[in-house]
Visitor: 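Handing you this structure, nothing more for now.
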Protein chains: 2
Amino acid sequence: MQAKKKKQMSDAQVEEAARLFAILSEPSRLILLRSLMERSMTVSELIEATGMKQGNVSKHLGVLLEARFVAREKEGNFARYAIADSNLFALCELMCGRIEQEAHKRLQELTSRPG
Amino acid sequence: MQAKKKKQMSDAQVEEAARLFAILSEPSRLILLRSLMERSMTVSELIEATGMKQGNVSKHLGVLLEARFVAREKEGNFARYAIADSNLFALCELMCGRIEQEAHKRLQELTSRPG
DNA sequence: CTTGCATATTACTATTTAGTAGTATAGTTA
DNA sequence: TAACTATACTACTAAATAGTAATATGCAAG
């Protein structure tokens with residue numbers, strides 16, 4: 001009796017999922033997350049690591065923080081950010097896998113098709 | 001000795017992942033995908049199922065098709081669309097799981113905190 | 001208190017895009 | 001051929017937002 005229920009998403013879940021996907025749809029934010037996936041970093045370190053402007057880094061971190069993808073911890077004058085949602089790793093791995101699969105598929109189509 | 005290599009995404013992968021996340025960041029498109037996850041459907045059926053306008057449905061399907069999230073098959077005058085990327089199921093399940101986890105966390109914080 | 005630094009916020013511009021109405025294309029039937 | 005239908009495309013408007021510079025906030029040292 002442990003059949004997996006494949007229930008449809010509710011409209012509210014759709015809205016929320018769209019909101020979360022939108023947050024992950026910005027290269028700048030993915031780049032920040034990519035750095036944080038290595039280790040937690042202060043804003044200054046992220047500026048250094050990414051080459052982005054301070055205001056931009058801070059703004060994007062605010063978005064990620066509000067969605068709880070990252071967490072913030074004050075250290076004196078500094079603010080240290082860290083990944084706060086382990087689902088991010090799975091999401092990124094899935095997406096990367098799909099990108100590679102797709103690249104492979106397209107290559108196959110080109111080489112195996114008669115035209 | 002089977003350590004999982006956690007390699008960083010390349011800049012190109014980040015760009016592509018952002019593009020794909022963006023495609024999934026539109027509620028209208030998620031709603032179309034939700035319908036198609038039940039069964040394949042023609043454009044007319046999708047209009048009926050979602051209440052969206054024809055032009056809008058067609059446009060969003062075009063975006064999903066270009067990204068290969070769905071596939072199209074002509075049937076006489078009709079065009080039948082179907083999910084073409086099984087990663088979508090995993091992605092949606094992950095996202096829905098995260099939404100529920102987060103809701104649960106927030107609830108716990110409210111009830112267990114002294115303030 | 002004043003100075004200096006790290007971070008956050010604000011105001012602005014420019015770009016993107018969702019939704020829509022109208023039009024075009026293509027298959028089907030007579 | 002013409003008429004009908006399903007779908008795709010085009011042009012447009014309105015809304016959202018990324019990046020930036022400038023300013024504000026808050027902590028820390030002297």
Side-chain angles (χ1 to χ4, degrees), chain A residues 11 14-36 39-84, chain B residues 11 14-36 39-84:
Chain A
D11 284 4
V14 164
E15 287 285 338
E16 178 65 0
R19 192 181 74 86
L20 295 174
F21 279 131
I23 289 173
L24 298 179
S25 74
E26 185 57 32
S28 298
R29 283 195 284 267
L30 292 184
I31 286 171
L32 288 170
L33 290 174
R34 180 178 64 179
S35 289
L36 292 178
R39 60 182 180 86
S40 71
M41 289 173 109
T42 66
V43 177
S44 300
E45 288 173 324
L46 285 167
I47 292 167
E48 167 77 16
T50 63
M52 293 165 58
K53 293 281 170 70
Q54 182 268 323
N56 206 15
V57 169
S58 193
K59 191 156 119 179
H60 285 306
L61 286 173
V63 174
L64 293 169
L65 180 65
E66 192 274 337
R68 305 244 227 163
F69 282 132
V70 302
R72 176 173 55 180
E73 191 184 352
K74 285 305 287 292
E75 281 184 359
N77 257 353
F78 296 77
R80 174 169 296 273
Y81 284 84
I83 301 290
Chain B
D11 284 6
V14 164
E15 286 286 338
E16 178 66 0
R19 192 180 75 86
L20 296 174
F21 279 131
I23 289 173
L24 299 178
S25 74
E26 186 56 33
S28 298
R29 284 195 283 266
L30 291 183
I31 286 172
L32 289 170
L33 290 174
R34 181 177 64 178
S35 290
L36 292 177
R39 60 183 180 83
S40 72
M41 291 173 109
T42 66
V43 176
S44 300
E45 288 173 324
L46 284 168
I47 292 167
E48 166 78 16
T50 63
M52 293 165 58
K53 295 281 170 70
Q54 182 267 324
N56 206 14
V57 170
S58 193
K59 191 156 118 178
H60 285 305
L61 286 173
V63 173
L64 292 169
L65 181 64
E66 192 273 338
R68 307 244 227 163
F69 282 132
V70 303
R72 176 172 57 179
E73 190 184 352
K74 285 304 290 291
E75 282 184 358
N77 258 353
F78 295 77
R80 173 169 296 274
Y81 284 84
I83 300 289

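Model, not experiment: these values are computed from the prediction. Throughout, protein chains are lettered first and strands after them, A, B, ... in sequence-line order, and every chain is numbered starting at 1.
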Visitor: Give the B/S/- string for nucleotides 20-28 of chain C, one per nucleotide from 5' to 3', where a protein heavy atom under 4.0 Å of the base yields B, of only the sugar-phosphate yields S, and otherwise -.
Guide: BS-----BS

Visitor: Nearest-Å distance, CD (A:Glu66) to C1' (C:dT9)?
Guide: 16 Å

Visitor: With rounding to the nearest 0.5 angstrom, report the CZ to CZ distance, B:Arg72 to B:Arg80.
Guide: 14.0 Å

Visitor: May I have the distance from B:His60 (atom NE2) to D:dT7 (atom P), rounded to whole angstrom?
Guide: 17 Å

Visitor: Could you check which residues of residues 20-29 of chain B get a heavy atom under 4.0 Å from DNA chain D? Sort them by number, please.
Guide: none

Visitor: Just how far, in rounded Å, is C1' of C:dA8 from CD1 of A:Ile47?
Guide: 11 Å

Visitor: Is the phosphate of C:dA6, meaning OP1 or OP2, less than 4.0 Å from a side-chain N or O of A:Thr42?
Guide: no

Visitor: Any side-chain N or O of B:Tyr81 below 4.0 angstrom from OP1/OP2 of D:dA6?
Guide: no

Visitor: Tell me the interatomic distance from A:Phe78, atom CZ, to C:dC5, atom P, rounded to whole angstroms.
Guide: 11 Å

Visitor: Could you give the CG-to-P distance, from A:Leu32 to C:dA8, as a whole number of Å?
Guide: 12 Å

Visitor: Can you check the B:Leu65 CG to D:dC9 P distance for me, whole Å?
Guide: 10 Å

Visitor: To the nearest 0.5 Å, what is the distance between CG (B:Leu46) and NE2 (B:His60)?
Guide: 12.0 Å

Visitor: Measure from the side-chain heavy atoms of A:Ser58 and tell me the nearest of C:dA8, D:dT7, D:dG19.
Guide: C:dA8

Visitor: Which heavy atom of A:Leu61 sits nearest to which heavy atom of A:Leu36, and what is that distance?
Guide: CD2-CD1, 4.4 Å

Visitor: How far apart are the closest heavy atoms of A:Arg29 and A:Ile23, and which atoms are they?
Guide: NE-O, 2.6 Å

Visitor: Could you measure the distance from the CG atom of B:Leu64 to the CG atom of B:Leu32? Nearest 0.5 Å is fine.
Guide: 6.5 Å

Visitor: Tell me the interatomic distance from A:Leu46, atom CG, to C:dA6, atom P, rounded to whole angstroms.
Guide: 14 Å

Visitor: My understanding is that only residues two or more places apart in sequence, or in another chain, count here; which of them pass side chain to side chain donor-acceptor pair (under 3.5 Å) with B:Asp11?
Guide: A:Arg34

Visitor: Provide the closest heavy-atom pair for B:Ala84 versus B:Val70 in the form atom of the first, atom of the second, distance.
Guide: CB-C, 3.5 Å

Visitor: Quick one: pull up CZ in A:Arg19 and CD in A:Glu66 and give me the separation to the nearest 0.5 Å.
Guide: 5.0 Å

Visitor: Which nucleotide wins on minimum distance to the side chain of A:Ala79, given the candidates C:dT7, D:dT7, D:dA18?
Guide: C:dT7

Visitor: Would you mind reading off the distance between B:Glu45 atom CD and D:dA6 atom P, rounded to a whole angstrom?
Guide: 12 Å

Visitor: Looking at every strand, decide which applies to B:Arg80 at a 4.0 Å heavy-atom threshold: base, sugar-phosphate, or nothing.
Guide: nothing

Visitor: If you measure from CD on B:Glu75 to OG on B:Ser40, what distance do you get to the nearest 0.5 Å?
Guide: 7.5 Å

